Amino acid sequence: LPGYHGKGFYSSQGRLIYANNGDHAREALRDPSVPSGVLATWDGKADAWTVVRRNQFTEVTGPGGIHGSSNPETDPVWAIGWDHRSLILMVLDGGQWHSFRLPKSSHSYDGAHGWNTEWPRIREIGEDDLLMTMHGCFWHFPKNFDSTHTAGITPRSNYLKVIGDYTRWQDRIVFGCDDTAKNEFLNKRKAKGEVAAPQSQSNLWFVAPEQIDQIGPVLGRGAVWLDDDVEAATPSDPFLFSGYDRRALHLAHTGETAVTIRLEIDAKGDGQWQKLREVNVPAR
């Protein structure tokens with residue numbers, strides 16, 4: 001897979017799964033909306049990898065975590081990623097990939113080059129749910145999440161840190177952090193002046209489990225389509241927005257005739273979609 005930043009491998013359901021979070025292309029340094037990264041699979045026989053989705057991905061894991069699945073033929077595989085629109089969650093279930101979207105809590109990680117986001121994880125921390133980190137937010141992640149059990153992913157709190165990995169240790173959650181870097185990468189602007197770059201700072205952060213819900217207020221935003229040409233009767237990726245107290249939806253288009261947008265919900269997360277309402281959006 002030339003031209004990609006390599007990030008992670010995972011083996012399950014008879015295939016090797018590869019994820020990375022950015023491209024070496026020059027355009028990726030300037031435009032976060034260019035195609036970048038990849039989620040790909042290989043069955044061990046083909047001469048080439050099969051591209052599942054041409055977007056940026058980091059973590060690839062399943063219910064067994066770093067120890068691997070105890071039922072690799074049936075357990076789901078989760079891959080978390082993003083594009084300039086929103087977060088992307090891909091689920092391999094029953095040999096088929098299913099796609100979902102989630103809000104972003106921060107746009108500080110949007111670079112298509114992949115330097116800003118290398119470490120988001122889905123990890124066991126000794127609770128009923130797994131803990132997921134992505135784009136500045138801690139999330140509840142249900143251990144039974146698959147294509148027919150999609151309820152339960154909810155934000156816990158927002159944070160301003162760079163978290164590499166984490167685990168449970170006695171009565172604490174231990175985060176490995178990389179909060180400042182000596183290399184400023186693309187963060188060089190005249191407005192900053194000739195301020196010396198900071199010293200690299202990486203250390204362990206010991207947190208009581210209940211503190212995870214109290215770090216910062218939950219917020220998020222994201223699109224399913226953004227400056228995209230969409231054909232009639234085309235469904236979007238399901239957008240998972242549970243856990244937010246106040247919600248808003250913005251609809252706009254540049255077409256010369258009115259457009260009717262049909263909104264559907266899967267209230268229980270069991271794949272049973274029902275019409276919520278239809279919204280008529282005038283021309284332009």
Side-chain angles (χ1 to χ4, degrees), residues 5 7-8 19-22 32 36-37 56-61 65-66 78-84 86-89 102-127 129-141 153-189 191-192 195-222 240-241 243-245:
H5 290 297
K7 293 304 171 191
N20 74 72
N21 70 332
S36 184
Q56 296 162 271
F57 287 89
T58 51
E59 176 75 309
V60 182
T61 189
I66 61 174
W78 310 311
I80 187 72
W82 80 98
D83 61 13
H84 64 292
S86 48
L87 304 184
I88 302 171
L89 173 61
L102 291 156
K104 291 180 180 180
S105 294
S106 170
H107 290 284
S108 298
Y109 305 83
D110 278 358
H113 45 70
W115 295 347
N116 297 339
T117 305
E118 298 186 4
W119 314 278
R121 308 291 188 193
I122 302 171
R123 288 283 190 262
E124 170 69 62
I125 60 168
E127 298 181 345
D129 292 328
L130 304 173
L131 178 66
M132 181 173 79
T133 62
M134 191 65 179
H135 280 231
C137 183
F138 290 123
W139 300 79
H140 284 289
F141 194 97
I153 294 184
T154 56
R156 301 184 63 170
S157 64
N158 287 13
Y159 61 85
L160 295 174
K161 295 184 76 68
V162 178
I163 293 172
D165 212 336
Y166 46 95
T167 189
R168 180 86 179 212
W169 183 73
Q170 297 186 19
D171 62 346
R172 291 290 187 268
I173 312 301
V174 186
F175 296 93
C177 300
D178 186 14
D179 288 333
T180 62
K182 183 177 180 181
N183 193 330
E184 294 179 280
F185 298 106
L186 301 181
N187 192 26
K188 297 180 180 180
R189 302 187 301 276
K192 294 174 63 178
V195 179
Q199 295 295 312
S200 290
Q201 168 63 27
S202 300
N203 214 327
L204 299 179
W205 181 36
F206 294 80
V207 178
E210 60 271 17
Q211 285 184 262
I212 295 175
D213 299 300
Q214 304 167 12
I215 295 172
V218 167
L219 57 87
R221 81 289 288 177
L240 307 179
F241 55 80
Y244 294 90
D245 293 332

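Atoms considered below: every heavy atom in the structure, side chains included; atoms not considered: hydrogens, waters and symmetry mates. Here the structure is a predicted model, which means the values were calculated and not measured.
Using the six-membered ring where Trp is involved, His135 and Tyr109 have ring planes that are tilted, between 30° and 60° apart.
Between Thr154 and Asp129 there is no side-chain heavy-atom pair separated by less than 4.5 Å. In this structure, Leu102 and Met134 have side chains that are not in contact, with every pair of non-hydrogen atoms separated by 4.5 Å or more. Inter-residue side-chain proximity for Tyr159 and Ile212 is flagged as unmet; no heavy-atom pair is nearer than 4.5 Å. Considering only heavy atoms from C-beta on, Gln56 stays 4.5 Å or farther from Ile88 through its side chain. Residues Trp139 and Leu87 have side chains in contact (heavy-atom distance under 4.5 Å, counting atoms from C-beta outward).
Judged by distance alone, the side chain of Arg221 and the main-chain N or O of Pro103 form no donor-acceptor pair under 3.5 Å. Panel note: side chain Ser36, backbone Ala112; a donor-acceptor pair is recorded below 3.5 Å.
In this structure, SG on Cys137 lies 13.5 Å from NZ on Lys104, to the nearest 0.5 angstrom. Rounding to the nearest 0.5 Å places CZ of Phe141 at 12.0 Å from OG1 of Thr133. The OG1 atom of Thr61 sits 6.5 Å away from atom CD1 of Ile122, with the distance rounded to the nearest 0.5 Å. Note: Arg172 CZ to Thr167 OG1 = 14.5 Å, rounded to the nearest 0.5 Å. The CG atom of Leu204 lies 11.0 Å from the CG atom of Asp165; values are rounded to the nearest 0.5 Å. Distance check, rounded to the nearest 0.5 Å: CG of Leu160 to OG of Ser106 gives 7.5 Å.
Summarising the geometry of Pro209 relative to Arg168, their closest heavy-atom pair is CG-NH1, 3.6 Å, with the distance given to 0.1 Å. Heavy-atom minimum distance, Asp213 versus His140: OD1-NE2, 4.3 Å. Taking every heavy atom of both residues into account, Glu59 and Arg121 meet most closely at OE2-CA, 3.7 Å. Smallest separation of non-hydrogen atoms from Tyr244 and Gly220: CE2-N, 3.7 Å. The two residues Ala19 and Phe57 have their closest heavy-atom pair at CB-CB, 3.8 Å. Closest approach of Ser105 to Leu219, counting heavy atoms only: OG-O, 3.0 Å.
Of the N and O atoms on the side chains of Ser202 and Asp178, at least one donor lies less than 3.5 Å from an acceptor on the other residue.
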Original post:
Checking side chain to side chain contact (heavy atoms under 4.5 Å, CB included) for the pair Lys161/Ile215: CA distance, chi angles, key distance, verdict?
Top reply: CA-CA 11 Å; Lys161 295 184 76 68; Ile215 295 172; over 6 Å; no
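Residues forming a side-chain contact (heavy atoms from CB on, under 4.5 Å) with Glu124 (at least two apart in sequence, or on another chain): Leu130, Lys143. Phe175 pairs by the ring pair (Phe, Tyr, Trp, His ring centres under 6.0 Å) definition with Phe138, Tyr166, Trp205, not counting sequence neighbours.
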